[in-house]
J.: 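Please see the structure below; I have some questions.
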Amino acid sequence: MSEQLCVQLVPLFKQLGLASQRKIEQLVEYHYVKRGEMVFSPLMSQQMIMIKSGSIKIFQLSTDGQEQLLRVLSAGEYAGERWLFGQKNETLYAQARVDSEVCLIRYQNFNQLLLQYPSLSIQLLQLTIEKVNHLEQHRQILAISRVEARIAAYLMMLQQEQNQSDITMPYKLKELATYLGTTPETISRKLKLLERHQLVVRNHMHIKLLNIPALQEMYL
């Protein structure tokens, strides 16, 4: 185990002192997961996962078994906190995109933390609201009929999150397709369309937004 505590990476625990962080770290279970390995699923026990290194994707399956990407987690991010309050996971899966190290806190241990550190409840509520807002943005993007407008809305969401016009795509093309509810071929074709209209310039995972007002007009 490296010297850096897993809980120090997670915003939920950053406001606590080092002594408290060390106590919480004693409740953490470390796991190394290989690329493609499942981290959690509806069949697994309820627990919170924190990403120490690597990358984990969160997805659900449609009725016909198609993967619908919801989020990609990197170091310092976490998932599963709502299940620690007794809510069951009935639809979500987490899978390692690359070899990763994750930290787990189980239901019973987390409840003890909330009793011992009441400020965690307030911090958890704030972070949960941010996640809910992100999911609502995702739902609104999926409701857009034209794929190119869907892409434009997604690019503007990234622009707001990264606070710059030169943005970095967090998803590979195939993952972006599942996130936006279409196919990789369609994503590639529509990105080229945006380039031909001189709205963006794409260089692999980096996209420069050339005309933000025009991009906004596509979906507003």
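Computed from a prediction, not measured in an experiment: that's the story for all the values here.
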J.: Count the heavy atoms belonging to other residues, nucleotides or ligands that lie under 6.0 Å from NE2 of H197, then report whether that count exceeds 12.
T.: no
J.: Would L142 end up clustered with L61 when hydrophobic side chains under 4.5 Å apart are linked, directly or stepwise?
T.: no
J.: Suppose we screen for side chain to side chain donor-acceptor pair (under 3.5 Å). Which residues come up paired with E29, at least two apart in sequence or across chains?
T.: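 For E29 the side chain to side chain donor-acceptor pair (under 3.5 Å) partners, ignoring immediate neighbours, are R106.
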J.: Looking only at heavy atoms, which two atoms of A94 and I58 are closest? And how far apart?
T.: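 Result for this residue pair: CB-CD1, 3.6 Å.
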J.: With sequence neighbours excluded, what pairs up with L9 under the side chain to side chain contact (heavy atoms under 4.5 Å, CB included) test?
T.: Q4, K52
J.: For T183, give me all partners under side chain to side chain donor-acceptor pair (under 3.5 Å), at least two apart in sequence or on another chain.
T.: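 Per chain and number, T183 pairs via side chain to side chain donor-acceptor pair (under 3.5 Å) with T186.
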J.: Would you check if there is a donor-acceptor pair between the side chains of Y30 and E25 at a distance under 3.5 Å?
T.: yes
J.: How about CG on N133, more than 12 heavy atoms from neighbouring residues, nucleotides or ligands closer than 6.0 Å, or not?
T.: yes
J.: Given side chains that start at C-beta, do those of L16 and S119 come closer than 4.5 Å, heavy atoms only?
T.: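 In short, these two side chains touch, coming nearer than 4.5 Å.
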J.: With sequence neighbours excluded, what pairs up with E161 under the side chain to side chain donor-acceptor pair (under 3.5 Å) test?
T.: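 In terms of side chain to side chain donor-acceptor pair (under 3.5 Å), with neighbours along the sequence ignored, E161 is linked to H134.
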J.: For L18, enumerate each residue passing the side chain to side chain contact (heavy atoms under 4.5 Å, CB included) test, keeping only those at least two apart in sequence or located in another chain.
T.: L5, Q8, Q21, R22
J.: Is there a path of hydrophobic side-chain contacts, each under 4.5 Å between heavy atoms of I/L/V/M/F/W/Y residues, joining I51 to Y171?
T.: no
J.: Rounded to the nearest 0.5 Å, what's the gap from NZ on K131 to CD1 on I129? Could you check?
T.: 13.0 Å
J.: Output all residues satisfying ring pair (Phe, Tyr, Trp, His ring centres under 6.0 Å) with Y93, sequence neighbours left out; order by chain, then residue number.
T.: F59
J.: Where is the tightest heavy-atom contact between S100 and S53, given as atom of each residue plus distance?
T.: CB-O, 3.2 Å
J.: Quick one: side chain to side chain donor-acceptor pair (under 3.5 Å) partners of D64, sequence neighbours excluded?
T.: S62
J.: Just to verify, what does R139 make a salt bridge (charged side-chain N to carboxylate O under 4.0 Å, His left out) with, not counting sequence neighbours?
T.: E136
J.: For K23, what residues pass the side chain to side chain contact (heavy atoms under 4.5 Å, CB included) criterion, not counting sequence neighbours?
T.: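 Partners of K23 under the side chain to side chain contact (heavy atoms under 4.5 Å, CB included) test: Q116, Y117.
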J.: Could you grab the distance from atom NZ of K192 to atom CG of L194, nearest 0.5 Å is fine?
T.: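 It comes to 12.5 Å.
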J.: How far does CG of L155 sit from CG of L191, to the nearest 0.5 angstrom?
T.: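 Between atom CG of L155 and atom CG of L191 there are 7.0 Å.
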J.: Would you mind listing every side chain to side chain donor-acceptor pair (under 3.5 Å) that reaches into residues 145-154, with sequence neighbours excluded?
T.: R146-E148, E148-K190
J.: Flag the pair L113 / I24 as yes when at least one side-chain heavy-atom distance between them is below 4.5 Å, and no otherwise.
T.: yes
J.: Between L176 and I56, is there a shared hydrophobic cluster once you connect ILVMFWY residues whose side-chain heavy atoms come closer than 4.5 Å?
T.: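 No, L176 and I56 fall in different hydrophobic clusters.
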J.: For V33 versus A96, what's the shortest heavy-atom pair and its separation?
T.: CG2-CB, 3.9 Å
J.: With side chains defined as the heavy atoms from C-beta onward, is the minimum distance between Q137 and Q160 less than 4.5 Å?
T.: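 Answer yes - side chains close enough.
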J.: Side-chain atoms of residues 68-79: list all donor-acceptor pairs with protein atoms under 3.5 Å, sequence neighbours left out, distances to 0.1 Å.
T.:
{"unit_1": "Q68", "atom_1": "NE2", "unit_2": "T178", "atom_2": "O", "d": "2.5"}
{"unit_1": "Q68", "atom_1": "NE2", "unit_2": "Y179", "atom_2": "O", "d": "3.3"}
{"unit_1": "S74", "atom_1": "OG", "unit_2": "E77", "atom_2": "OE1", "d": "3.2"}
{"unit_1": "E77", "atom_1": "OE1", "unit_2": "S74", "atom_2": "N", "d": "2.8"}

J.: Answer with yes or no whether the hydrophobic clustering places L115 together with V28; edges join I, L, V, M, F, W, Y residues whose side-chain heavy atoms lie under 4.5 Å apart.
T.: no
J.: Quick check: do V102 and F40 have side-chain heavy atoms less than 4.5 Å from each other?
T.: no
J.: Between I151 and T182, is there a side-chain heavy-atom distance shorter than 4.5 Å?
T.: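 Answer no - side chains too far apart.
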J.: Please tabulate, for the side chains in residues 203-218, all donor-acceptor contacts under 3.5 angstrom to protein atoms that are two or more places apart in sequence or on a different chain.
T.:
{"unit_1": "H206", "atom_1": "ND1", "unit_2": "T168", "atom_2": "OG1", "d": "3.3"}
{"unit_1": "K208", "atom_1": "NZ", "unit_2": "D166", "atom_2": "OD1", "d": "3.3"}
{"unit_1": "N211", "atom_1": "OD1", "unit_2": "A214", "atom_2": "N", "d": "3.1"}

